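Input: a single structure, listed below in structure tokens.
Excluded from the calculations below are hydrogen atoms, water molecules and symmetry mates; all remaining heavy atoms, backbone and side chain alike, are included. The structure displayed is predicted, hence computed values, not measured ones.
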Amino acid sequence: MFQSLGKYILLLRLSFRKPEKFSVYWSEVMREMVSVGIGSLGIIAIISVFIGAVATIQTAFQLVSDFIPKTIVGGITRDSTILEFSPTISALVLAGRVGSSMASQIGTMRVTEQIDALEIMGVNAPGYLISPKIIAGVSMIPLLVIVSVILGLTGGYIACAASKDVSTADYITGLTDGFNPLIVTVCAVKSIFFGFIITSICSYQGFYTDGGSLEVGQSATRGVVWSCIMILFVDLIISRLLL
């Protein structure tokens, strides 16, 4: 465990050394941003709308007392979506979609000796392969979480309009009543940490792949599993510290 942690820290240190040619690194960062951000927009949009709708319906279902105002449905949906559903579930989905792709890509380069060729040519392989992915993850995953929050709340509005259990006017009133800006800060902090965790852990697993094509798949699986575990662990720590 400590050996793996040491290799992980040393790899991150090598990844953020001064680049040999900034323009080449910049083009890689832009390419990774498009892959992480635009490439994941569809799945995030679909999941967010349905999660927001389901959260609203289930909250309204549990309000059986006439003494509880219906506007509380909007408040509960808003807080749960911003604090937990959008950042955490989006990160878990992105760990499978983005993380496995990164681990497989770097792992394939390792087993086909492309990384060795880069190092022979004097290129800092961790910096060229890993740092653009980490920068793209830290910058684009928070933007995807923002989109997820908006679409999640929109999905709740659609559920209210379709089910008639809660009026859309009560839902919108609940969204605006008692809003605490702290939940937005917690959401932003979580999304930044999640972006770093997904990209760095999956890149680490891919970079130290040893063997053939079978080991590439195993590295991708380990990257996704460890990313999901660390996402949930960091989610607990951040929630405990900031809330």
Side-chain angles (χ1 to χ4, degrees), residues 1-16 29 32-33 35-37 39-41 43-44 47-48 51-52 55 77-104 106 126 129-152 180-208 219-243:
M1 176 180 177
F2 290 105
Q3 182 182 5
S4 299
L5 180 60
K7 290 171 64 177
Y8 173 74
I9 294 173
L10 291 175
L11 183 65
L12 291 180
R13 180 183 176 186
L14 290 173
S15 300
F16 289 98
V29 170
E32 293 294 341
M33 282 184 174
S35 176
V36 174
S40 305
L41 192 58
I43 185 65
I44 291 298
I47 289 174
S48 300
I51 285 178
T77 302
R78 176 200 64 205
D79 292 347
S80 59
T81 299
I82 296 176
L83 279 175
E84 193 63 28
F85 290 150
S86 287
T88 305
I89 296 181
S90 296
L92 294 174
V93 171
L94 291 173
R97 192 259 169 207
V98 175
S100 61
S101 175
M102 291 181 177
S104 299
I106 298 177
L129 296 175
I130 297 176
S131 60
K133 292 177 171 56
I134 294 177
I135 294 172
V138 171
S139 58
M140 296 305 296
I141 289 181
L143 296 179
L144 290 173
V145 170
I146 293 174
V147 174
S148 176
V149 169
I150 295 173
L151 293 178
N180 187 355
L182 177 62
I183 64 175
V184 177
T185 302
V186 175
C187 177
V189 172
K190 284 184 179 181
S191 60
I192 293 172
F193 273 91
F194 293 165
F196 178 81
I197 287 170
I198 293 170
T199 51
S200 62
I201 291 180
C202 291
S203 296
Y204 164 80
Q205 293 292 342
F207 193 83
Y208 287 109
S219 296
T221 301
R222 285 196 302 268
V224 173
V225 170
W226 278 106
S227 295
C228 292
I229 292 173
M230 292 306 299
I231 284 169
L232 297 175
F233 177 73
V234 172
D235 181 29
L236 173 63
I237 297 299
I238 293 176
S239 299
R240 181 65 183 88
L241 294 176
L242 298 183
L243 293 178

Within the structure provided, determine whether [X] and [Y] are in side-chain contact (heavy-atom separation under 4.5 Å).
X      : Y      : answer
Val145 : Cys187 : yes
Val138 : Phe193 : no
Ser90  : Leu144 : no
Ile134 : Leu12  : yes
Ile44  : Leu151 : no
Thr81  : Ile51  : no
Ile141 : Ile192 : no
Met102 : Gln205 : no

Closest contact, heavy atoms only, [X] versus [Y]:
X      : Y      : value
Gly39  : Arg97  : O-NH2, 3.4 Å
Thr77  : Gly52  : CG2-O, 4.2 Å
Ser139 : Met33  : OG-CE, 3.2 Å
Pro87  : Phe194 : O-CD1, 3.5 Å

Quiz prompt | Cation-aromatic face contact Lys7/Tyr204, 6.0 Å, 45 degrees | solution =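 Pair Lys7/Tyr204 does not count as cation-pi.
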Give, for atom [atom1] of [X] and atom [atom2] of [Y], the distance between the pair rounded to the nearest 0.5 Å.
X      : Y      : atom1 : atom2 : value
Cys228 : Ile198 : SG    : CD1   : 8.0 Å
Leu92  : Leu232 : CG    : CG    : 5.5 Å
Arg222 : Cys202 : CZ    : SG    : 11.5 Å
Glu32  : Ile130 : CD    : CD1   : 11.0 Å
Thr199 : Ile135 : OG1   : CD1   : 9.5 Å
Leu14  : Leu129 : CG    : CG    : 12.0 Å

Under 3.5 Å donor-acceptor, [X] side chain and [Y] backbone:
X      : Y      : answer
Ser239 : Leu236 : no
Lys133 : Ser200 : no
Ser86  : Ile82  : no
Ser191 : Ala188 : yes

Quiz item: Are Ser131 and Ser15 close enough that a side-chain donor and a side-chain acceptor fall under 3.5 Å?
Solution: no
Quiz prompt | Within 6.0 Å of CZ in Phe233, more than 12 heavy atoms from elsewhere | solution = no
Quiz prompt | Full working for side-chain hydrogen bond (donor to acceptor under 3.5 Å, both in side chains) between Thr88 and Glu84 | solution = CA-CA 6 Å; Thr88 305; Glu84 193 63 28; 3.0 Å; yes
